[in-house]
> 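One structure follows; several queries about it will come next.
Throughout, numbering of the chain's residues begins at 1 and tracks the sequence. Everything numeric in this text was worked out from a predicted model, so none of it was measured.
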Amino acid sequence: MVEPSWPPRVVLEKIARHIAGEIVMSESPGSVLRKWREIFAASQLDVARHMGVTPSVVSDYEKGRRTPGSQFIRRFVEALLEIDSERGWSVVSHLAKMLQLNYLGAVIDMREFESGVELEKVVTSVKGFPVNSYLLNERIYGYTVVDSLRAIMSLSGSEFLHLLGSTTQRVIVFTRVTTGRSPMIALRVSTIKPAAMVLHGPRKLDYLALWMAESERVPVILSLAKSVDELVSGLRQLASSPR
């Protein structure tokens with residue numbers, strides 16, 4: 001079964017994008033490369049070994065004798081994360097707290113679609129069926145899969161709502177759902193609604209959850225996928241398939 005672990009992949013991706021973005025946008029990328037290497041307490045030899053290059057190559061980039069391209073930056077950031085993983089994720093843990101990413105511990109998977117996807121294709125990918133009459137004509141541009149029990153037990157109210165608040169034109173998928181009331185209450189109190197919601201676990205919603213699904217005018221789909229693994233796999237295939 002797909003279970004979130006520390007650090008979740010989505011946390012690593014956001015930290016990697018943060019570091020890479022700072023390098024790309026800098027007028028002195030070499031200085032930023034050196035800064036992040038020092039933040040991770042890694043030597044040029046450490047980074048070079050993980051990148052499969054010589055330390056002189058790393059030095060050339062840091063001193064501005066070479067301009068880093070996207071592939072070099074990607075490998076550089078991956079090297080820093082690999083080094084930190086060997087040391088128990090101390091730097092990543094600090095960065096996650098600083099960047100306010102700890103709420104993502106409840107997120108199992110999160111991806112963007114390269115282009116808009118019809119809701120019907122999302123329903124098929126999760127082996128689902130709609131439970132309310134509201135239909136969506138707009139296209140979906142990404143998804144977030146959330147462990148609902150972990151979210152309820154570990155997140156504050158504002159953090160829980162932040163999961164919904166960041167999903168405009170996205171599908172939010174709640175796993176380990178029983179009656180469906182908790183996700184639907186979260187939907188009801190959120191000022192920003194997702195484009196659609198998928199619930200995995202129940203075979204039907206109780207009367208109150210069903211009423212909220214109808215009144216909120218957000219498409220709600222029950223997923224009949226056999227496992228969270230199967231559900232996530234279907235969504236990932238949809239994200240990677242050409243359209």
> Find the distance between CG (Leu80) and CD1 (Ile39) and round it off to the nearest 0.5 Å.
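Rounded to the nearest 0.5 Å, the CG-CD1 separation comes to 9.5 Å.
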> Is the shortest side-chain heavy-atom distance between Pro29 and Val24 below 4.5 Å?
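Sidechains of Val24 and Pro29: no contact.
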> Would you say Asp109's side chain and Val145's backbone share a donor-acceptor pair under 3.5 angstrom?
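No; judged by distance alone, with no hydrogens or angles, the pair does not exist.
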> In chain order, what residues pass the side-chain contact (heavy atoms from CB on, under 4.5 Å) check against Ser59, with sequence neighbours excluded?
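Ser59 satisfies side-chain contact (heavy atoms from CB on, under 4.5 Å) with Gln44, Lys63, Arg65 only.
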> Can you measure from NE2 (His18) to CD1 (Ile23) and round to the nearest 0.5 angstrom?
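That separation rounds to 10.0 Å.
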> With under 30° as parallel and over 60° as perpendicular, where do the rings of Trp36 and Phe40 fit, or are they tilted in between?
tilted
> Does Tyr143 reach the side chain of Ile172, with side-chain heavy atoms less than 4.5 Å apart?
no
> Using a strict cut-off of less than 4.0 Å between a Lys/Arg side-chain nitrogen and an Asp/Glu carboxylate oxygen, indicate whether Arg17 and Glu13 qualify as a salt bridge.
no
> Which pair of non-hydrogen atoms, one from Ala195 and one from Gln169, has the smallest distance, and what is that distance?
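Ala195 and Gln169 have their closest heavy atoms at CB-CA, 3.7 Å.
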> Within a strict 4.5 Å, meaning less than it, do heavy atoms of the Ile83 and Val47 side chains meet?
yes
> Does Tyr61 have Arg75 sitting over its ring (NZ/CZ under 6.0 Å from centre, angle to axis within 45°)?
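Pair Arg75/Tyr61 does not count as cation-pi.
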> First locate atom CZ of Phe174, then atom CG of Leu199, and finally report the distance between them rounded to the nearest 0.5 Å.
8.0 Å
> Can you sort out the partners of Glu230 under side-chain contact (heavy atoms from CB on, under 4.5 Å), two or more places apart, ordered by chain and number?
Lys127, Ala225, Lys226, Ser227
> Are there more than 12 heavy atoms of other residues, nucleotides or ligands under 6.0 Å from atom CZ of Arg181?
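Enclosed: over 12 neighbouring heavy atoms sit under 6.0 Å from CZ of Arg181.
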> Do the side chain of Ser240 and the main chain of Arg236 share a donor and acceptor less than 3.5 angstrom apart?
yes
> Give, for atom OG of Ser148 and atom CD1 of Ile108, the distance between the pair rounded to the nearest 0.5 Å.
8.5 Å
> Which atom pair, heavy atoms only, marks the closest approach of Leu33 to Phe76?
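For Leu33 and Phe76, the tightest heavy-atom pair comes out as O-CZ, 3.2 Å.
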> Looking only at heavy atoms, which two atoms of Ala48 and Pro55 are closest? And how far apart?
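Shortest heavy-atom separation between Ala48 and Pro55 comes out as CB-N, 3.6 Å.
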> Counting distance only, does the side-chain N/O of Asn132 pair as donor-acceptor with the main-chain N or O of Val220 below 3.5 Å?
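Here the side-chain-to-backbone pair exists.
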> Is there a side-chain contact between Ile221 and Val131 (heavy atoms, below 4.5 Å)?
no
> Is any side-chain heavy atom of Thr179 closer than 4.5 Å to a side-chain heavy atom of Pro202?
no
> I want to check something: taking the side chain as every heavy atom from C-beta on, are Phe129 and Leu224 in contact at a cut-off of under 4.5 Å?
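The answer is yes; the side chains approach within 4.5 Å.
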> Just by modelled atom types, is the Arg188 backbone N or O under 3.5 Å from a matching donor or acceptor in the Lys193 side chain?
yes
> Same cluster for Val107 and Tyr141 if Ile/Leu/Val/Met/Phe/Trp/Tyr side chains link at under 4.5 Å?
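Not linked; separate clusters.
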> Yes or no on side chain to side chain contact (heavy atoms under 4.5 Å, CB included) for Arg111 and Arg9, after CA distance, side-chain angles and deciding distance?
CA-CA 11 Å; Arg111 299 203 179 192; Arg9 182 183 63 83; 3.4 Å; yes
> Evaluate salt bridge (charged side-chain N to carboxylate O under 4.0 Å, His left out) for Lys121 paired with Glu118, printing each intermediate quantity in order.
CA-CA 6 Å; Lys121 291 184 177 180; Glu118 298 88 351; 3.7 Å; yes
> Indicate yes or no: does Arg87 engage Asp46 in a salt bridge with an N to O separation below 4.0 Å.
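A salt bridge is present here (some side-chain N lies under 4.0 Å from a carboxylate O).
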> Where do Gly180 and Leu205 come nearest, in terms of heavy atoms and distance?
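Where Gly180 meets Leu205 most closely, the heavy atoms are CA-CD2, 4.1 Å.
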> Can you find a pair of side-chain heavy atoms, one from Arg203 and one from Leu222, that are under 4.5 Å apart?
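No. Closest side-chain heavy atoms not under 4.5 Å.
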> Is it the case that atom CE in Met98 sees more than 12 heavy atoms from other parts of the structure closer than 6.0 Å?
yes
> Shared ILVMFWY cluster between Val177 and Tyr207, side chains joined below 4.5 angstrom?
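Cluster IDs for Val177 and Tyr207 match.
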> How many angstroms lie between CG in Asp147 and CZ in Arg176, if you round to the nearest 0.5 Å?
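Answer rounded to 0.5 Å: 4.5 Å.
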> Please enumerate all residues that pass salt bridge (charged side-chain N to carboxylate O under 4.0 Å, His left out) together with Glu120, with sequence neighbours excluded.
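Here no residue qualifies.
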> Using modelled atom types and a 3.5 Å cut-off, is there a donor and acceptor pairing between side-chain atoms of Arg37 and backbone atoms of Ala42?
yes
> Would you check if the side chain of Thr175 reaches a backbone N or O of His200 as a donor-acceptor pair within less than 3.5 Å?
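Not at all, since once roles are kept as given, no pair shorter than 3.5 Å links the two residues.
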> Identify the two heavy atoms, one from Leu99 and one from Ile15, that lie closest to each other, and give their separation to 0.1 Å.
CD1-CG1, 4.3 Å
> Quick check: closest heavy atoms across Met197 and Val218, and the distance to 0.1 Å?
N-CG1, 4.3 Å
> Show your reasoning for whether side chain to side chain contact (heavy atoms under 4.5 Å, CB included) applies to Val173 and Val146.
CA-CA 6 Å; Val173 183; Val146 179; over 6 Å; no
> Is there a path of hydrophobic side-chain contacts, each under 4.5 Å between heavy atoms of I/L/V/M/F/W/Y residues, joining Met184 to Leu208?
yes
> With no hydrogens and no angle check, do the side chains of Ser28 and Ser26 hold a donor and an acceptor under 3.5 Å apart?
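Short answer, no.
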> Within a strict 4.5 Å, meaning less than it, do heavy atoms of the Ser233 and Gln237 side chains meet?
yes
> Can you measure from CG (Leu81) to CH2 (Trp89) and round to the nearest 0.5 angstrom?
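Between atom CG of Leu81 and atom CH2 of Trp89 there are 6.0 Å.
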